[in-house]
Amino acid sequence: MTTGLTDTEVEAGYSTVEVSRLTANIGARIDGIRIGADLDPRQLAEVRRALLRHRVVFFRGQQHVEDADHIAFAEQLGTVTKGYPSPHGTGSMVLEIGGKAKRWHTDISCIDRAPAISILRAVDLTPYGGSTAWANTVSAYESLHPGLQALADRLWAVHTNSFDRRDDERIGGVDVDLLEPATVREDMFETEHPVVRVHPETGERSLMLGNMVRRIIGLAPDDSQALFDLFQRHITRMNNTIRWDWRPGDMAMWDNRSTQHCAIDDYDDHPRLMHRVTLAGDLPVSVDGVRSTPRVGDASCYSPIASFDR
């Protein structure tokens, strides 16, 4: 469903912002807030509550926001990370995204401490197309047959940012327009994550997959691919997604622990520039209480490991 253009009903229960639900399963628009520094703590708390409920929230009319405002807003919600986990990078907190992340993914799931929250700002938009879609990985898990839930609960997968253009081994695919192979080989990460993680703030179970998955551990390649496709199909069913048409001044914030997203490649070769700031995440935990384990690479250069109290 494409949203962002029509009026919606304002939800009850918020006193400092207006929250308008956009679909049954995912997405809300937040009005009545000016993104920047020194926001009212009550307003920040309501924004976070809306985010945890709706998975992704959108802000319109934020044309005043520059990188400093973007970072200042994020710092009031958590610990800001580097733009990307590269020990040789500049360490900038703002990641400039000009490529095409065309496949469904969870941000930087190749590391053990994948971001908790991502905040994206439109900088240079295309004359047509260029929308972004998000999917709810909690409702995807909840829609599974109980037998498939029980199976998924026991599975683990290897996530990686390593690939070879000639022989991509990742069952989730790869976005060669977004990453350069030399950089990825130099700054390689691999992590074992549970296929089902427990959300550290809500206690909900969600499917943790996406395009950085190389394989499901312990399965033959064909079985690994088949199960990945089955679970991924549940995540990206149309009634489990939302599609946002960007306008100048738009910002989006999503819970990286309960969503996947992708950019729609429907704008030909027109330039498109987005700026992203991310907040530090925890170590994902399986339903059995086992934490994700890094296999290759040290992500401490990217961010500390966050902790969340429920």
Side-chain angles (χ1 to χ4, degrees), residues 4 35 55-60 62-63 65-74 77-78 80-86 88-111 114-135 159 161 163 172-184 186-187 189 210-212 241-256 259-281 299 301-303:
I35 299 298
R55 318 297 178 190
V56 57
V57 295
F58 304 97
F59 308 94
R60 288 252 189 235
Q62 306 296 325
Q63 287 91 338
V65 174
E66 301 290 343
D67 285 349
D69 306 297
H70 196 160
I71 294 169
F73 173 64
L77 293 166
V80 177
T81 72
K82 289 173 58 176
Y84 191 79
S86 168
H88 308 294
T90 63
S92 172
M93 296 184 212
V94 178
L95 181 67
E96 297 185 0
I97 302 174
K100 297 182 177 182
K102 297 176 289 187
R103 296 182 185 267
W104 287 98
H105 64 285
T106 293
D107 280 338
I108 320 180
S109 67
C110 57
I111 64 173
I117 294 170
S118 297
I119 307 171
L120 191 67
R121 182 172 106 249
V123 176
D124 187 7
L125 295 176
T126 56
Y128 52 83
S131 57
T132 305
W134 284 264
H159 294 236
N161 64 346
F163 72 94
V174 66
D175 298 318
V176 297
D177 293 335
L178 186 63
L179 300 172
E180 289 298 325
T183 301
V184 173
E186 184 178 27
D187 303 323
F189 293 91
N211 81 318
M212 285 191 168
T241 66
I242 187 169
R243 181 168 169 171
W244 184 257
D245 291 331
W246 294 93
R247 293 177 180 174
D250 279 2
M251 296 181 70
M253 179 167 68
W254 64 93
D255 188 338
N256 202 48
T259 60
Q260 288 184 18
H261 61 281
C262 72
I264 311 301
D265 182 13
D266 60 354
Y267 52 95
D268 297 321
D269 293 325
H270 292 285
R272 178 181 184 269
L273 180 63
M274 316 293 279
H275 283 190
R276 189 186 75 198
V277 174
T278 53
L279 298 179
C301 65
Y302 174 67
S303 77

Under 3.5 Å donor-acceptor, Asn161 side chain and Asp187 backbone
yes
Can any side-chain N or O of Asn256 pair as donor or acceptor with the backbone N or O of Asp107 at less than 3.5 Å?
yes
Drop me the distance from Ile108's CD1 to Ser118's OG, to the nearest 0.5 angstrom.
7.0 Å
Heavy-atom closest pair, residues His159 and Ser109:
ND1-OG, 2.9 Å
On a heavy-atom basis, the closest approach of Ile264 and Ala133 is CD1-CB, 4.2 Å
Under 3.5 Å: donor-acceptor pair, side chain of Arg276, backbone of Ile97:
no
What pair of heavy atoms forms the shortest contact from Trp246 to Ser131, and how long is it?
CD1-CA, 4.0 Å
Within the side chain of Thr126, is there an N or O that forms a donor-acceptor pair under 3.5 Å with the backbone of Gly129?
yes
Heavy-atom check, side chain of Tyr302 versus side chain of Phe189, under 4.5 Å
no
Could you walk me through whether Tyr267 and Arg272 satisfy the side-chain contact (heavy atoms from CB on, under 4.5 Å) test, starting with their C-alpha distance in whole Å, then the side-chain angles of each, then the deciding distance to 0.1 Å, before giving a yes or no?
CA-CA 9 Å; Tyr267 52 95; Arg272 178 181 184 269; 3.6 Å; yes
Are the side chain of His105 and the backbone of Gln260 linked by a donor-acceptor contact shorter than 3.5 Å?
no
Got Leu125 and His270 here, is their nearest side-chain heavy-atom distance under 4.5 Å?
no
Output for pair (Ile111 CD1, Ser303 OG), nearest 0.5 Å, gives 6.0 Å
Kindly give the heavy-atom pair with the smallest separation between Ala74 and Val80, and that separation in Å.
CB-CG2, 3.8 Å
Do the side-chain N and O atoms of Tyr128 and Asp268 include a donor-acceptor pair separated by under 3.5 angstrom?
yes
So, taking the atom named CG in Leu279 and the one named CG in Asp255, what distance separates them when rounded to the nearest 0.5 Å?
10.5 Å
Does any non-hydrogen side-chain atom of Asp67 lie less than 4.5 Å from one of Arg121?
yes
Report yes if some heavy atom in the side chain of Ile35 is under 4.5 Å from a heavy atom in the side chain of Ile119; otherwise report no.
no
Any non-hydrogen side-chain atom of Ile242 less than 4.5 Å from a side-chain atom of Phe58?
yes
Let me confirm one number: the OH-OG1 distance from Tyr84 to Thr278, rounded to the nearest 0.5 Å.
11.5 Å
With a 4.0 Å cut-off on N to O distance, would you call Asp266 and Arg243 a salt bridge?
yes
d(Met212 CE, Cys110 SG) to nearest 0.5 Å is 4.0 Å
Do His261 and Val56 touch side chain to side chain, with heavy atoms closer than 4.5 Å?
no
With side chains defined as the heavy atoms from C-beta onward, is the minimum distance between Trp254 and Leu120 less than 4.5 Å?
yes
A side-chain contact here means heavy atoms from C-beta on lying under 4.5 Å apart; do Asp250 and Trp244 qualify?
yes
With rounding to the nearest 0.5 Å, note down the distance linking NE2 in His70 to CE in Met251.
4.0 Å
